[in-house]
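What follows is a short report on a single structure.
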Amino acid sequence: SRKKSVVPGPTEHPLQYYYTFWYSRRTPGRPTSSQSYEQNIKQIGTFASVEQFWRFYSHMVCPGDLSGHSDFHLFKEGIKPMWEDDANKNGGKWIIHLRKGLASRCWENLILAMLGEQFMVGEEICGAVVSVRFQEDIISIWNKTASDQATTARIRDTLRRVLNLPPNTVMEYKTHTDSIKDKTSFRNTKITL
Amino acid sequence: GTRIIYDRKFLLDRRNSPLAQ
């Protein structure tokens, strides 16, 4: 049973799920075992309503203003932003590579779509990540069942609609099993859509 | 059961609510 650390206030607008913000930062060049990854990731906080979300988000640095190798993760409460978590282990993620300058807007649109239940895939969404890197930024959305093609197609189509991406944007789907095998989150065969 | 669905505009309109400060 889940420990309810937060609840929506009486006049606040409740969300379908409770969510937790996480932040991670890595020194480039260091190896990342799943253990050191877990040590590098910090919880920012959990919220249960629209208003509580804004209280966190309004005080957070925009992804576009982060430097180095940093990630914000927003996952349903109880799901760790790790491939190995029970909710993620059979899942995968849609990955979108963004040229510098687009991350803040795209991240906001992505998480608003997730919090507002715009994806319409039942319990399938696990969370979303924005990854700030040197040459580009990457956003991704994780779901539970990588083999469920109807779900992954619906997530892709919703992403296209809510992100309003440039027409040449490359999207790729990667299973966490593949990420565990090749020990990298993003490099993979790209499927241009 | 019923799902709680909010569109982008609804969420953005709550941003400046006193409850969100």
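Below, chains carry the letters A, B, ... as their sequence lines are ordered, and counting in each starts from 1. The model shown is predicted, which means the values in this text are computed figures rather than measured ones.
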Item to complete: Answer yes or no on whether B:Arg14 is positioned over the face of B:Phe10, meaning its NZ or CZ is under 6.0 Å from the six-membered ring centre and within 45° of the axis.
Response: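 Judged by the rule, B:Arg14 and B:Phe10 form a cation-pi pair.
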
Axial cation check for A:Tyr17 ring with A:Lys76, 6.0 Å and 45° limits
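A:Lys76 over A:Tyr17 ring: yes.
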
Per-residue contact mode, [X] against chain B (heavy atom under 4.5 angstrom):
X        : answer
A:Tyr57  : side chain
A:Gln118 : side chain
A:His13  : both
A:Ser49  : neither
A:Phe56  : neither

Over 60° means perpendicular and under 30° means parallel, so classify the ring planes of A:Tyr19 and A:Phe47, tilted if in between.
->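 Plane angle under 30°, so parallel.
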
### Task
Tell me, out of B:Leu12, B:Leu11, B:Asn16, who's got the most heavy-atom pairs with chain A below 4.5 Å.
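When all of B:Leu12, B:Leu11, B:Asn16 are compared, B:Leu11 has the most.
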
Would you find more than 12 non-hydrogen atoms of other residues, nucleotides or ligands less than 6.0 Å from A:Gln135 atom CD?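 No.
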
Notebook entry, point to check: Is it true that A:Glu12 and A:Arg55 have a side-chain N and a carboxylate O under 4.0 angstrom from each other?
Noted result: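 Salt bridge flag = yes for A:Arg55 with A:Glu12.
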
